[in-house]
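Below: the structure, in structure tokens.
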Amino acid sequence: MTSITDPNTSVRFTGAMEEIHNKQLKTYGEIIDTTTELCQSHRQFVKSALDTCLKKCKDDEILFEKIQSFKIDMQQNNELLKEKRHAISDVIAEIQQKEMQKDDVIQKIEKLKEEQIKRKRGN
């Protein structure tokens with residue numbers, strides 16, 4: 001065993017302490033480098049995620065605007081369809097009325113023909 005008063009012990013102790021200190025500095029540097037890399041990687045990931053979310057948000061806004069536009073178009077088309085159905089019903093009713101009038105005119109013509117035939121026979 002060496003004595004504390006031995007001058008080589010102090011040099012060896014100082015050397016060992018410097019070696020430990022250098023290892024710790026190296027390890028600390030590696031930790032800082034790794035932390036910096038992870039931080040940069042995380043920033044890039046967050047930026048990429050944010051960009052993706054913003055694009056999706058814009059796409060969704062465009063989609064919702066299109067849906068709203070389609071709803072308005074559909075409501076207008078439904079109104080036009082109701083108007084056209086009403087107009088068709090009116091035309092059908094008018095056609096039926098004209099058919100009835102036609103049938104009445106045909107019956108009157110038949111009656112007149114019969115009366116004319118009777119008159120001719122009676123004369």
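Quick caveat, the model's predicted, so the values are computed rather than measured.
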In plain terms, say whether [X] and [Y] are close enough for a salt bridge, that is, a side-chain N and a carboxylate O under 4.0 Å apart.
| X | Y | answer |
| --- | --- | --- |
| K55 | D59 | yes |
| K118 | E114 | no |
| K58 | E61 | no |

Query raised in the report: Is the backbone N or O of E65 less than 3.5 Å from a side-chain atom of S69, with the two atoms forming a donor-acceptor pair by type?
Result: no
Report task. Determine yes or no for a side-chain-to-main-chain donor-acceptor pair under 3.5 angstrom, with S89 supplying the side chain and R85 the backbone. Result -> yes
Distance from [X] atom [atom1] to [Y] atom [atom2], nearest 0.5 Å?
| X | Y | atom1 | atom2 | value |
| --- | --- | --- | --- | --- |
| D73 | K71 | CG | NZ | 12.5 Å |
| I20 | T27 | CD1 | OG1 | 11.5 Å |
| F45 | L50 | CZ | CG | 11.5 Å |
| Q116 | I109 | CD | CD1 | 12.0 Å |
| K108 | K111 | NZ | NZ | 9.0 Å |
| Q24 | I31 | CD | CD1 | 10.0 Å |

Query raised in the report: So do the side chains of H42 and L38 get within less than 4.5 Å of each other, counting heavy atoms only?
Result: no
Report task. Have a look at T14 and tell me which of E18, M17, R12 forms a side chain to side chain contact (heavy atoms under 4.5 Å, CB included) with it. Result -> E18
Query raised in the report: M100 and Q96: side-chain contact (heavy atoms from CB on, under 4.5 Å), yes or no, with the steps?
Result: CA-CA 6 Å; M100 289 173 58; Q96 288 174 343; 5.6 Å; no
Query raised in the report: Given the rule in the side-chain contact (heavy atoms from CB on, under 4.5 Å) test, do E99 and K102 qualify, once you have shown the distances and angles that lead to the verdict?
Result: CA-CA 5 Å; E99 285 289 328; K102 180 180 109 179; 3.7 Å; yes
